[in-house]
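Okay, so here's the structure we're looking at.
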Amino acid sequence: FESFHSAWTTYIVEGLNEILPRGFLAIPQTSIGAREVDVRADKIQHAAQNLKSGYQPQVPITTRVEFPLEFEVFVDYIERGKHITVGAIEILSRANKDRPSERDSFVAKCENLIAKNVSLIIVDLLESPLFNLHNQLLRALQATEGYMEESREKPLYCAAYRKSSHGEANSGLVDIWRYPLKVGDSLPELPLYITSEIAVPVNFEKTYVKVCKVFRMYSREYTKYFVI
């Protein structure tokens, strides 16, 4: 899994850096303060101007949420020097899911990132352990909508989140794109927002197939991929 995971993040970053506007940069397997992330997208301050995008994401589910009253220390590193983190992608590993403490820690990190206006994507292609961290994240945010049905028929999913607006200091709205999946389904294209209005598409199917072929895990003779 570690080798596949590392290669996939590299190809995702390669694809992002081909389409990110000047003044933005994607970095694989890095950190924000003490918190690790699989892919980080940064804006270089004062470098990006007159941005335009022809990409239009699908209509999201918008839900009201409650944000944390206190933030973890790592969010202080979202803005560091000339770089501002605007997006993050997380590909779940078994270490994220196999213990309650690790699940709680992962959800807390995601909750803090969304509250601090970091566009977030979560990819879970692990059939076991059967824990849906998307739903746990929405429960932590006290979301009113956007939950998935948890079933053994579609135990996998990809989801994207972005803070769309807020009224009070600790409450607001979050846009959600979520796709429950079964083994063999094509992976969705999801939006990663680099400003409040502009998103770039992340093509998970293209990069996933590329890694499967490199590792000889996929052939046109077969109808579905190995589950990592």
Side-chain angles (χ1 to χ4, degrees), residues 8-30 32 37-65 67 75 78-79 82-92 109-125 133-134 137-138 141 143 145-146 148 157-166 172-181 185-210:
W8 196 10
T9 59
T10 299
Y11 287 134
I12 289 171
V13 164
E14 178 185 54
L16 278 173
N17 282 331
E18 289 176 353
I19 61 174
L20 282 171
R22 184 177 180 181
F24 292 86
L25 178 68
I27 306 165
Q29 296 182 311
T30 182
I32 303 172
V37 292
D38 292 320
V39 175
R40 193 182 81 212
D42 285 0
K43 173 186 175 183
I44 302 171
Q45 293 196 55
H46 311 303
Q49 297 178 357
N50 301 320
L51 297 178
K52 295 181 180 179
S53 174
Y55 170 62
Q56 185 62 46
Q58 293 187 13
V59 177
I61 297 169
T62 300
T63 181
R64 180 160 292 281
V65 301
F67 294 117
V75 300
I78 288 174
E79 296 189 28
K82 293 183 178 181
H83 288 243
I84 301 174
T85 297
V86 294
I89 299 173
E90 291 282 17
I91 301 170
L92 292 184
K109 174 176 66 175
C110 294
E111 188 180 9
N112 276 255
L113 289 173
I114 295 169
K116 282 294 187 178
N117 294 300
V118 176
S119 178
L120 175 67
I121 295 176
I122 297 174
V123 178
D124 185 357
L125 300 186
L133 291 181
H134 164 82
L137 172 59
L138 293 195
L141 289 167
E145 296 183 68
M148 296 181 199
Y157 64 88
C158 297
Y161 318 80
R162 71 133 180 182
K163 184 179 179 181
S164 60
S165 64
H166 62 85
L173 300 175
V174 169
D175 291 334
I176 300 171
W177 296 259
R178 85 282 194 273
Y179 296 87
L181 303 166
D185 285 347
S186 295
L187 301 182
E189 181 179 82
L190 287 170
L192 189 71
Y193 276 80
I194 58 174
T195 73
S196 60
E197 301 296 330
I198 295 178
V200 293
V202 185
N203 190 323
F204 289 101
E205 178 71 8
K206 180 179 178 180
T207 51
Y208 183 79
V209 169
K210 190 173 183 177

Got a sec, which pairs hit side chain to side chain donor-acceptor pair (under 3.5 Å) with one end in residues 11-21, sequence neighbours left out? E14-K210

Tightest non-hydrogen contact, residues A26 and L20, listed as N-CD1, 3.7 Å

Minimal non-hydrogen separation, T85 against V118, with atom names: O-CG2, 3.7 Å

Can you tell me how far apart [atom1] ([X]) and [atom2] ([Y]) are? Round to the nearest 0.5 Å.
{"X": "I194", "Y": "I84", "atom1": "CD1", "atom2": "CD1", "answer": "12.5 Å"}
{"X": "I91", "Y": "Q29", "atom1": "CD1", "atom2": "CD", "answer": "8.5 Å"}
{"X": "T9", "Y": "I89", "atom1": "OG1", "atom2": "CD1", "answer": "9.5 Å"}

Would you confirm whether [X], through its side chain, and [Y], through its main-chain N or O, come within 3.5 Å as a donor-acceptor pair?
{"X": "S164", "Y": "L173", "result": "yes"}
{"X": "Y157", "Y": "L133", "result": "yes"}
{"X": "R178", "Y": "G146", "result": "yes"}
{"X": "R162", "Y": "S196", "result": "yes"}
{"X": "D175", "Y": "P60", "result": "no"}
{"X": "T63", "Y": "E145", "result": "yes"}
{"X": "K163", "Y": "I114", "result": "no"}

Are side-chain heavy atoms of I122 and H134 found at a separation under 4.5 Å? no

Which residues satisfy the side-chain contact (heavy atoms from CB on, under 4.5 Å) test with P188, sequence neighbours excluded? C158, Y179, L181, L190

